Amino acid sequence: MEDEFGQLLDPALETMHQRVIIHIDIDCFYAQVEMLKNPELRNQPLGIQQKNIVVTCNYVARQFGLKKCMLLAEAKELCPSLVLVKGEDLFDYRQMSSKVTSVLQKFSPLVEKLGLDENFIDVTQVVAEKLQNGFNSGQNIAGHVYSDVTENCMCGCFNRLSVGSVIAADMRAQIYEELGLTCCAGIAHNKLLAKLVCGVQKPNQQTTILPCSVPGLMAGIQNIRKIPGIGHRTSEILQSLGICSVSDLQNSSDKSLQQALGHDVVERLKKLSFGHDDSMVRPSGKPQSIGLEDGFRKISLESEVKEKCLLLLQRLMALLVEDGRIPGAIRVTVRKYNSANRQSHRESRQCNISPSIFRPKITVLSPNARQKLLMSIMKLFYKMVNISKPFHLTLLGIAFTKFQERCSGKGSITSFLMNDISVQSVLDFRNMSTSAVEEMECSPADNVCQDRSGSESEHEPSPKKTRSDFWRIRRKRSFTESDVDSINKMEVPELRLNTGEPFDKEVFQKLPSVIQEEVMESLVDLPQLTNRLGISESDNTSTGVCPPNVDPTVFRELPSDVQQELVQSWNSVNKSHTTQSPQTNSSGRKPCQNSILQYVSSSSK
DNA sequence: CCGGGCTTGT
DNA sequence: ACAAGCC
């Protein structure tokens, strides 16, 4: 509308309002969960406390003037009768949150979580179907309408949004009936507006905005910081450049702004300031990482660190088990005390871990496995904190990441092959020593590229001998130099690719005893697996597509996608072993998550 | 001790 | 790996 003709080319998304987006926000989520757990809290001013902060409170408490994220003392002063419930353990909230999401997913598969208490739902398709089936909202919008409807948009969005408002009302009713939670909803043609308008009428209500009211809504925003996407830092930068109001941002054409935030960011923010947002609702799925952290006054002893980590680890395992997936990496986060830089500056390090730690089942960690994880954790910790000098931490966190695609439960055969035990344990070994094996750490792409000219045999260590973690050599030196040297890289592929047995005995015996132990330990579940897979003597009767290392009978029973993956993983290994060109295998579809395949292919022949 | 998680972009 | 964003 306010766009010029020339800009109409710019995808008509914003002038056509084709989508219908609903934003659902549970009212004071933590407080509602606590009130469900203990109904006596309903009529009292309730605050949810995390450490020194009242992170949210019920509406009774809000009448005293309490706001979100108030300091404990401040809240107590406003409301001496405030009842406090600790909310540091998010378990119940997380659980309720996923119930909410489940309810919403019954309406549309396009549900995106934002934190624990908010969801975006793209109901465009649902609305279209309803309209096609002759559903008539009677032009009535359920709940509130933002401002006045001054004009009738030609694109038909009024109809769509009114149907959307009915769906939103239905969603809220179901959330209340099934879970006992009240919430707000915002209905609009994009995510930004849906979220902004959601909060217009506050508890337990919903609001729809029509395109004609958008300029009014945006102009009504006093603080630029209120626009989702403009956080603390960005608003500071904007303010320092004299951009304080929404209209300031709309009219900004500053060059210093571009250089401060980058061209793309500025363009995005400017569009936001007009209420334009073409970002999609991205179905959330499972989280990319699962972690826990704990803040405290002070930790300055190594033993305290270990203690804390073990506690975190134990709690984390419960979450991991619940999730069901197996992580491929672990990350440790610290916050060092810093009086000057009070802004929580965090530091983190991560490393890959052997999935075999979690075998045969991911249920409970064996004491041994726990020790191993703690070792990894501490190694990461030492990278950040030099414990030979005094230190002062105010936070410790542990998180698991890099989850395997298809794992545990059904069909982790591929992951078994990909993360072959013997190879994996060598990978672990690599982590504990600085030696020729270390360059496996560099990315597959690096390996391939650098090998391009050099060709065969000795895969040269990458020139960038990056962080020479000297502590790694000094500390935790469980292997001798000869141990390290005895692991000839050429033996690794042998170990893996010998199809007669899980691995070659002679090669195995040459390994350091520590490694042998680990391999043996990881083999606990191997008999079943080898039987099931029928990994046996060169059964090389090439039966169609079935890889020779897999029993054809078993193979045929597998889901086709698993079959495909097996073929691919076999091909990539086999090709690299028999032919040459490391290139070919890296170009294979499935990029191996494990750089070992790259390593194997580039170092062997 | 501005909480405790999580995601995304550089 | 980190900064910044979201709740």
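Here the structure is a predicted model, which is why all the values come from computation and not from measurement. FYI, side chains are in, hydrogens and waters are out, and symmetry mates aren't considered; it's all heavy atoms of this structure.
Just one of A/Thr208, A/Val214, A/Thr207 meets the side-chain contact (heavy atoms from CB on, under 4.5 Å) condition when paired with A/Val197; it is A/Thr207. Looking at A/Val54, A/Leu41, A/Asn38 one by one, the single match for side-chain contact (heavy atoms from CB on, under 4.5 Å) with A/Leu46 turns out to be A/Leu41.
Within the nucleic acid shown, A/Gly229 comes within 4.0 Å of sugar-phosphate atoms alone, with no base atom in reach, counting heavy atoms only. Looking at heavy-atom distances under 4.0 Å, A/Thr394 makes no contact with the nucleic acid at all. Residue contacts for A/Arg297: at a heavy-atom cut-off of 4.0 Å it reaches a base atom on one of the strands shown. Nucleic acid contact class of A/Lys86 (heavy atoms, under 4.0 Å, all strands): none. Here A/Ile48 lies out of heavy-atom contact (under 4.0 Å) with every strand.
The closest side-chain heavy-atom distance from A/Gln174 to A/Phe107 is below 4.5 Å. In this structure, A/Met171 and A/Gln206 have side chains that are not in contact, with every pair of non-hydrogen atoms separated by 4.5 Å or more.
The separation between A/Glu347 atom CD and C/dA4 atom C1' is 17 Å, rounded to whole Å. Atom pair A/Ile237:CD1 and C/dA3:C1' shows a separation of 11 Å (rounding to whole Å applied). Regarding A/Arg225, its CZ atom lies at a distance of 8 Å from the P atom of C/dC7, rounded to whole Å. C/dC6 atom P lies 11 Å from atom CG of A/Leu196, rounded to whole Å. Taking atom NE2 of residue A/His232 and atom P of nucleotide C/dC6, one finds them 11 Å apart after rounding to whole Å.
The side chain of A/Arg349 approaches C/dA1 more closely than any other nucleotide in the set B/dC1, C/dC7, C/dA1.
The aromatic rings of A/Phe391 and A/Phe381 sit perpendicular, their planes meeting at an angle over 60°, well past the 30° parallel limit.
Checked by atom type and distance alone, the side chain of A/Glu112 never pairs as donor or acceptor with a backbone atom of A/Phe120 at under 3.5 Å. In this structure, the side chain of A/Thr56 does not engage the main chain of A/Tyr30 through any donor-acceptor pair within 3.5 Å.
Rounded to the nearest Å, the gap between the P atom of B/dC1 and that of C/dA4 is 23 Å.
A close approach under 4.0 Å does occur between a side-chain nitrogen or oxygen of A/His345 and OP1 or OP2 of C/dA3.
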Sequence-aligned protein contact record of nucleotides 3-10 of chain B, with B where the base is within under 4.0 Å of a protein heavy atom and S where only the sugar-phosphate is: BBSSSS--

